[in-house]
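Only one structure is covered here, and it is reproduced in the block below.
Read the numbers this way: they start at 1 and go in the same order the structure lists the ligands and their atoms. One-based numbering along the sequence shown.
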Amino acid sequence: MARLESVKDRIELRNGTGVPCVGFGTWKLPEGEAGLDALGQALADGYRHIDTAEVYGTEPCVGRALRDSGVAREDLFVTSKVWNDHRGRDTALKAFEGSLERLGLDYLDLYLVHWPATQGADDEWQSTNRQTWRALEELYRDGRVRAIGVSNFERRHLEPLMDAADILPMVNQIELHPGCAQEETRSFCDRHDIVVEAWSPLGSGRVLGSALLADIAARYGCTTAQLCLRWCLQRSAIPLPKSADPARISENARVFWFDISEEDLRRIDELELS
Ligand code: A2P
């Protein structure tokens with residue numbers, strides 16, 4: 001793969017769809033003007049990949065910011081997710097229409113199952129996951145979405161889903177940051193050509209106080225946040241940092257001018273957060 005040089009550069013999924021390599025997360029993005037300003041700043045800084053979800057409540061704001069930006073639709077990459085209350089084929093199909101309407105779009109680039117139904121919480125969990133997945137397969141076949149995937153799925157959730165699927169998940173979006181390296185899920189996804197996306201790549205701010213990360217970052221002349229995002233990229237994951245602060249939004253997009261050495265990558269892999 002060619003060297004990534006900006007947040008606009010794309011990583012290819014197995015079906016040929018390109019995903020801009022750093023996305024802008026919108027979980028907990030403030031509502032109203034502050035949210036619009038943050039999204040406007042992100043788009044001005046070159047972010048083209050916007051991650052939202054039915055449950056975040058940010059779809060209307062994302063839709064408006066995208067329209068206001070004037071960026072061509074084909075240059076944008078928009079993800080949303082079906083929420084837990086809408087699992088199952090029919091309900092997921094309806095949830096998708098709701099997301100499109102709130103976003104004011106006529107297709108999505110990526111649609112994800114937000115969380116797996118799980119053993120203990122749902123006696124029919126495998127069947128529930130398959131039914132939700134059927135809806136996503138239909139949407140993909142009908143051209144309503146360019147790619148489909150899951151979020152927060154571990155190997156034990158992915159395997160039964162994949163055994164029954166016609167179209168395999170192309171993406172798995174998981175919590176991933178130093179201190180939460182998710183070795184098992186990442187290596188399973190690597191083996192099955194499922195691209196990993198990282199939610200909370202800064203551990204929702206928690207990793208920023210790590211003395212070890214601050215030390216390593218100082219050697220590269222980057223901030224701890226940039227180190228975390230670069231670590232995700234070098235571990236083949238697409239980070240989705242969220243910020244409502246203009247300077248941090250720009251900072252998080254500038255992660256292409258340095259390489260973390262193998263030795264430092266391993267030290268970061270092994271970090272344990274207190
Ligand atoms: P803020 O919105 O005030 O910038 P994550 O993406 O891991 O969920 O982390 C989001 C949290 O990290 C938010 O609280 C955000 O706060 C903060 N944050 C985002 N980018 C940076 C940065 N470059 N430096 C410090 N804090 C950041």
Quiz item: Of all the non-hydrogen atoms in the protein, which one sits nearest to atom 8 (O) of ligand 1, and at what distance?
Solution: S200 OG, 3.1 Å
Quiz item: Quick one: which ligand 1 atoms are inside 4.0 Å of a heavy atom on A225?
Solution: 22 (C), 23 (N), 24 (N)
Practice problem: Identify, for atom 23 (N) of ligand 1, the protein heavy atom at the shortest distance, and state residue, atom and that distance. | Solution: N252 OD1, 2.8 Å
Exercise. Can you pull out the closest protein heavy atom to atom 6 (O) of ligand 1? Residue, atom name and distance to 0.1 Å, please.
Key: K242 N, 3.1 Å
Practice problem: State plainly whether the residues R3 and D259 are in salt-bridge range, i.e. N to O under 4.0 Å. | Solution: yes
Quiz prompt | Side-chain H-bond candidate by donor/acceptor type, T17 with E12, under 3.5 Å | solution = no
Exercise. Distance to 0.1 Å, residue and atom name: give those for the protein heavy atom nearest to atom 1 (P) of ligand 1.
Key: R248 NH1, 3.2 Å
Quiz item: Got W133 and V150 here, is their nearest side-chain heavy-atom distance under 4.5 Å?
Solution: yes
Quiz item: Salt bridge check: are K242 and D51 linked by an N-O gap of less than 4.0 Å?
Solution: no
Practice problem: With atom 7 (O) of ligand 1 as the reference point, say which of L229, T224, L202, L29 has the nearest heavy atom. | Solution: L202
Quiz item: Which of the atoms of ligand 1 are close to A244, meaning less than 4.0 Å from one of its heavy atoms?
Solution: 1 (P), 2 (O), 4 (O)
Exercise. Please test R235 against D269 for salt bridge (charged side-chain N to carboxylate O under 4.0 Å, His left out), starting from the C-alpha separation and ending with a verdict.
Key: CA-CA 9 Å; R235 287 298 184 225; D269 290 342; 2.8 Å; yes
Practice problem: Indicate whether any N or O donor in one side chain lies under 3.5 Å from an N or O acceptor in the other, for D264 and W231. | Solution: no
Quiz prompt | Options I249, L208, D245, ranked by nearest heavy atom to atom 26 (N) of ligand 1, top entry | solution = L208
Quiz item: Counting only N and O atoms by type, is there a donor-acceptor contact under 3.5 Å from the side chain of T223 to the main-chain atoms of Q226?
Solution: yes
Quiz item: Would you call D75-R10 a salt bridge at under 4.0 Å N-O?
Solution: no
Exercise. Output the list of atoms in ligand 1 that are nearer than 4.0 Å to some heavy atom of P201, sorted by atom number.
Key: 6 (O), 7 (O)
Exercise. Could you tell me whether ligand 1 has any atom less than 4.0 Å away from a heavy atom of S204?
Key: yes
Quiz item: Starting from atom 4 (O) of ligand 1, which protein heavy atom do you reach first, and at what distance in Å?
Solution: S243 OG, 2.5 Å
Quiz prompt | Close-contact set for ligand 1 against P241 heavy atoms, below 4.0 Å | solution = 6 (O)
